[in-house]
Amino acid sequence: MTGHIYKALGVALVLYSLVYGLLTSVPDLPIIEQSIRNLFYHVSMWFAMVGMMAGSFGNAVGFLRGENLSKDRRSESLAETGMLFAFLGLFTGMMWAKFTWGAWWTNDPKLNGSAITILIYLAYFVLRNGIEEPRKKARISAVYNIFAFVMMIVFIGILPRMTDSLHPGNGGNPGFNSYDLDNRLRMIFYPAVIGWILVGTWIASLRYRIKNLSES
Amino acid sequence: MFVVTLFQSNSRMAKIGPLIQRFAQQELRNSNAIFSLGLYLVGITYLIYLLGGQNASDSTWITLLWIVVFFGAINQASRSFEFESGDYFYYYQTIAGPKTTIIAKLIYNSLYILLLSAAAWALFSLFYGNSVYNPGVFALGLVLGCVGFSAILTLANGISERSGGNATLSSILAIPLTLPVLKIVSAINIQAMVGAPLEEVYELVGSLFALDIAIGLLAYLLFPYLWQD
């Protein structure tokens, strides 16, 4: 029963953010105008991705401590779900960038960070596919996973702060910094993040169960 | 705590020196490898010169330099664990253990890649003229960059070697991971070339130094897990 509560809550929060994201009134800012609503759909994808990758990282550490193969399956499932959110975040961001900046892709530190993150985790899946023996595969990919997660945090969390970004709220661009992210936006943005993380956990748990069945 | 345990075990410190010496001897005996690496450096530099590299702007100069160093380093590092595979793997495991081996390996590979990048810098200066305004800062960036670079390459190679993969796997693993380091190093190098005020460079140098420490610590902590059969 408790297993169903978080799924229902996740679906409810996602539906709420999808519907009220379009209905709510938003601050009137130059250039981004109504496209500020992408905050609910695009930024929440990246938060969900980092959440999934953090879960994958935690399970990788857990595997190295106990050599429990089910942790390795959890770690892989969460990384796969994280990749799904990464592609969704990239797609929603590109749509938004085309209409706000006039280009699908720009040389922006945050864009580079997300591209590199995707490359890092694709390499993780390549590495996994290359090893046959399950225990060895789990140990070696856990080592890479831990290393990759730290480098991802450096790339998406630290580097963009050192250089100017085109993103709203960075480098004098109009947008949602601490003053502009007002309560109307917060009321939808935070539930969206929590909702997507819960839904992501659900997806990952389904993948984990499929893996368990195919192993046995 | 890591530093304390590192220095408490004197026997470990005592083994690092001979290990590095041994790595260097293996490299020198295999003189064909060094010769081919040198030939690669000269050849690629001259190729860039023929294709008009002497007219390169500062940022292109840096990009070319790091690409040359990058592929040289990948080539060197892909042989990094060659001697530790097979029977030598058990030999090193018995006499040294993983933690000593990784420290020796990190120091040795850092020095090697540093020599490589210094040689590339010298060749670039010879062919295209040295346009670096502040060589001290440039060299500092190069040193810190090579340390971070070698730590990532060493771990990536350990991973690909243990997974029985080929050289391509180690490049696939290493390329995205090295980008944060390369990004900061090239920013430092550009500032050294245009002669930016030192206060602006310090922040970058500090963050690169912190990143190097983090990468080195991760490699040190994770390597023993790789080193199991």
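So that the names make sense, note that chain A is the first sequence line, chain B the second, and so on, each numbered from 1. This one's a predicted model, so the numbers in the text were calculated from it and none came from an experiment.
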- Query: More than 12 heavy atoms of other residues, nucleotides or ligands under 6.0 Å from OH of B:Y40: is that the case?
  - Reply: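 Count over threshold, so yes.
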- Message: Check this for me: A:K137, atom NZ, are more than 12 non-hydrogen atoms of other residues, nucleotides or ligands nearer than 6.0 Å?
- Response: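 More than 12 heavy atoms, drawn from other residues, nucleotides or ligands, come within 6.0 Å of this atom.
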First locate atom [atom1] of [X], then atom [atom2] of [Y], and finally report the distance between them rounded to the nearest 0.5 Å.
X	Y	atom1	atom2	value
B:L222	A:I140	CG	CD1	12.5 Å
B:S170	A:L127	OG	CG	11.5 Å
B:L177	A:M152	CG	CE	12.0 Å
B:L218	A:F149	CG	CZ	11.5 Å
A:I146	B:L155	CD1	CG	10.5 Å

- What part of B:I215 gets closer than 4.5 Å to chain A, counting heavy atoms only: side chain, backbone, both or neither? both
- Message: Any heavy-atom pair between the side chains of B:L179 and A:M151 that's under 4.5 Å?
- Response: no
- Flag the pair A:F147 / B:I152 as yes when at least one side-chain heavy-atom distance between them is below 4.5 Å, and no otherwise. yes
- Excluding sequence neighbours, so at least two apart, what forms side chain to side chain contact (heavy atoms under 4.5 Å, CB included) with A:R135? A:E67, A:L69, A:E133
- Message: Taking side chain as everything from C-beta outward and backbone as N, CA, C, O, which of these in A:V143 sits under 4.5 Å from a heavy atom of chain B? Side chain, backbone, both or neither.
- Response: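 For A:V143, backbone and side chain are both near chain B.
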- Most chain B-contacting option - heavy-atom pairs closer than 4.5 Å, from A:V150, A:V126, A:L64, A:I131: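 Of the candidates given, the most pairs with chain B belong to A:L64.
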